[in-house]
> 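Please find one structure pasted underneath; my questions will follow.
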Amino acid sequence: MASNASDKAVDELGESEARGELERLASAIAAADIAYHRDDAPEIADADYDALKRRNAAIEARFPHLKRADSPSERVGAAPAQGFGKVVHAVRMLSLGNAFSDEDVLEFDSRVRRYLNLDADAALTCTAEPKIDGLSLSLRYEGGRLVQAATRGDGTEGENVTANARTIGDIPASLRGAPQVLEVRGEVYMAHEDFAALNARQAESGGKTFANPRNAAAGSLRQLDAAITAARPLRFFAYGWGEISAPLADTQSGALKRLENLGFTVNPLTRTVARPDEMLAHYRRIEADRATLGYDIDGVVYKVDDLDLQRRLGFRSTTPRWAIAHKFPAEIATTRLEKIEIQVGRTGALSPVARLTPVTVGGVVVSNATLHNADYIAGRDSQGNPIREGRDLREGDWVTVYRAGDVIPKVRDVDLSRRPKGAQRYEFPTKCPRCGSDAVREEGEAVAYCTGNLICPAQAVEKLKHFVSRSAFDIEGLGAKQVEAFFDDGWIREPADIFTLSQAHGPGSDAPLEKREGWGPKSATNLFAAIDERRRIPLARLIFGLGIRHVGETSAALLARSYGSWDAFAAAMRAARDHDGPEWEALNAIDGVGKVMAGAVVDFFHEQTARAAVDRLLAHLDVQDAETPRTEGSPVAGKTVVFTGTLETMTRAEAKATAESLGAKVAGSVSGKTDILVAGPGAGSKLKKAEELGVAVMTEEEWRALIG
DNA sequence: GAGCCTCGAGTTCC
DNA sequence: CTCGAGGCTC
């Protein structure tokens, strides 16, 4: 039976057929894995391998209870192209906003109150707990059993480290009384004493030692051989959750209690605090205990306790509005500023970088630091106010450096008493160091730009790097390094060249990729396949990839959503050529698009060279129309809504977020394209204009009734 | 027109 | 992560 079953569509399979199929697939995939990984001699084509994996996943999705203990979908190292399989998070793993001072914490408190329309003296309870310096992990339990563990990755997609997570003592393999689906999120870390012992062992056995516990934890979790992870002393604190089939509690603190009862370890310094002064008091207590905790922490996290309020607050593009991380002050080190060099970005921006005598800051050796712009070097901000009390930076100076947010190295100050004799004030270049074109700094702007847009090789290569970057075309195997090498050899000079790479440099060509240093038949085939995969591209990624100034990831998605298809978008931009007319007005009416961005986009389409390059690119692409938001049964899908006057039961931001989630476009001003004006008390000119234009006007109450 | 909020662009090291 | 600047609100 099983042999016939393999030809059947998954939804036609009976249960016993499915069981047999899963068994067959498990052994076929395992055999392919061994051939690929251990013997480095693949027996089947990658596409066939992927098909096996997909079929396995599809059957498992339909018959979850038949999932085998040795399921290929969970096995570490199962995917051939990279060490770990990828996992798309059911609920995104976000990062947190940061507070660096008491004022920032007070501001967080008032921002939350403002958003929720709470009085200054109304209670607003938060949880406060140490921020562990480890790495985030998401644990998925189904029916009380741990089925998957994934790293954070880019927040949307992480790595499957299930086998490794199973070896961590603090992570229960099964739970009693948990919801059917429960994703527990927390931090994997290594305690100080375990770290010291591990390093001692490593040194003894001649293995590599780790710079700090964080790196040790990360290195240990990302072992392809779970047996190695098992020998590493990792621990886990639970602090939150992702997808859940039933709520854990009404409050953050209640949910943490529940997780504790289920068998997780929650940090013992977690408290609920009612007011900013209590938040700060708990911060100081934790800071005072920092050295005796036995593990690294880098701050304190506050979260609004009431989950209903959390839901109302929602998310900004990368962070929740209901939480913030209060960071401890950064460590500082002293070193020498050897040289100031200039880098050229994809927009032509000239950015000075400090080359430093390498120095250890916070467990990492730093040798470069950004200097932002000419004013920053001179000791001024963009308004001309002194920073570093007006002290400028010169080559040869002794400077203090720190890692902003414990990541990005920055120069804090300069020690004038140690300034070498004859050190010269730094002269910011007036020519692009790469192409020699004039560098121009517009009046009132902080950044100088290279004007050789079409001839500057630095700009061209940076634009290409942007094009292949993660948020744009995200071509696996074609990173910044490869782009640079291909550019230098003239293989890729513009985006379209990427899609003809396999013709120009395929196996039979004059200069085949597989003969290049560092490449072989396998990696070359993989790259061509990865490129082919991106011929079908979502509209938003295409727009972002074009690298139009002022159009980042968010705005690209906004434009894609607003126009739906490439043809509609391009036609409108061409029609708006003169910064005038209905298309121009429509573009400017999009909430979030102003004159500057609109001008940049329209001018991009008007520019012959850029347009020709885009046309060459489009010949290779199948652009997918933008998905409109969930609109099923939404009464306002596709409508353009404007809010005006005072809103009484929700804040403006809430109103906007809700409307957008229902597929409506929220605009800032009333125009012929407006479908609905929601007018509260105090509405003025917008109401009048809406009435003139015959736009439907409703009260807030009517609006709420409409959207349910 | 000022003040806030958010986004864009550039940056480091593993 | 930070800084500058664009866009929106008041």
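None of these values were measured; they are calculated from a predicted model. Per chain, numbering begins at 1; letters A, B, ... match sequence-line order.
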> Remember a base hit wins even if backbone is also touched, and classify V447(A) as base, sugar-phosphate or nothing at under 4.0 Å, heavy atoms.
nothing

> How many Å lie between NZ on K595(A) and C1' on dA5(C), as a whole number?
16 Å

> Look at atom CZ of R355(A) and say whether more than 12 heavy atoms of other residues, nucleotides or ligands are closer to it than 6.0 Å.
yes

> So do the side chains of M573(A) and Y563(A) get within less than 4.5 Å of each other, counting heavy atoms only?
yes

> Could you give the CG-to-P distance, from L350(A) to dA9(B), as a whole number of Å?
16 Å

> If only side-chain N and O atoms of N373(A) are considered, is one of them under 4.0 Å from the OP1 or OP2 phosphate oxygen of dC3(C)?
no

> dA9(B), dA5(C), dT11(B): which one has an atom nearest the side-chain heavy atoms of T370(A)?
dT11(B)

> Of the nucleotides dT12(B), dG4(C), dC1(C), which one has an atom closest to the side chain of V353(A)?
dT12(B)

> Would you tell me whether Q343(A) and S351(A) have side-chain atoms, one donor and one acceptor, within less than 3.5 Å of each other?
no

> Which label fits Y283(A) and H326(A): parallel for a plane angle under 30°, tilted from 30 to 60°, or perpendicular past 60°?
parallel

> Among dC3(C), dG10(B), dG4(C), which nucleotide has an atom closest to any side-chain atom of H372(A)?
dC3(C)

> Specify the separation, in whole Å, of atom CZ of R346(A) and atom P of dG8(B).
10 Å

> Map F544(A) and A369(A) onto DNA chain B by nearest heavy atom, then report which one ends up closer to the 5' terminus.
F544(A)

> What is the distance from NE2 of H550(A) to P of dA5(C), rounded to the nearest Å?
10 Å

> Which nucleotide in the list dG7(C), dC13(B), dG8(B) gets nearest to the side chain of V596(A)?
dG7(C)

> How long is the line joining CZ of R214(A) and C1' of dC13(B), in whole Å?
11 Å

> Looking at the side chain of V366(A), which of dC13(B), dG8(B), dT11(B) is the nearest nucleotide?
dC13(B)

> Would you say Q343(A) places a side-chain N or O within less than 4.0 Å of OP1 or OP2 belonging to dG10(B)?
no

> Among dG7(C), dT12(B), dC3(C), find the nucleotide with the atom closest to the side chain of M597(A).
dG7(C)

> Among the nucleotides dC7(B), dT12(B), dC1(C), which one has an atom lying closest to any side-chain atom of S555(A)?
dC7(B)

> Between R321(A) (CZ) and dT6(B) (P), how many Å, whole number?
6 Å

> If you only use heavy atoms from C-beta on, which nucleotide in dG4(C), dT11(B), dC14(B) is closest to the side chain of N215(A)?
dC14(B)

> Which heavy atom of L371(A) sits nearest to which heavy atom of Y376(A), and what is that distance?
O-CB, 3.0 Å

> For dT11(B) and N368(A) - does any side-chain N or O of the residue sit under 4.0 Å from the phosphate oxygens OP1/OP2?
no

> From CD of E553(A) over to C1' of dT6(B), roughly how many Å is that when rounded to an integer?
14 Å

> Of E107(A) and G348(A), whose closest DNA chain B nucleotide lies nearer the 5' terminus?
E107(A)

> Would you indicate which nucleotide in dC5(B), dG10(B), dC13(B) comes nearest to any side-chain atom of S367(A)?
dC13(B)

> Kindly say if K410(A) contacts the phosphate of dT12(B), meaning a side-chain N or O under 4.0 Å from OP1 or OP2.
no

> Ignoring hydrogens and angles, state whether a donor on the side chain of H372(A) or K410(A) is under 3.5 Å from an acceptor on the partner side chain.
yes

> In whole Å, I'd like the distance from the CZ atom of R111(A) to the P atom of dC5(B).
7 Å

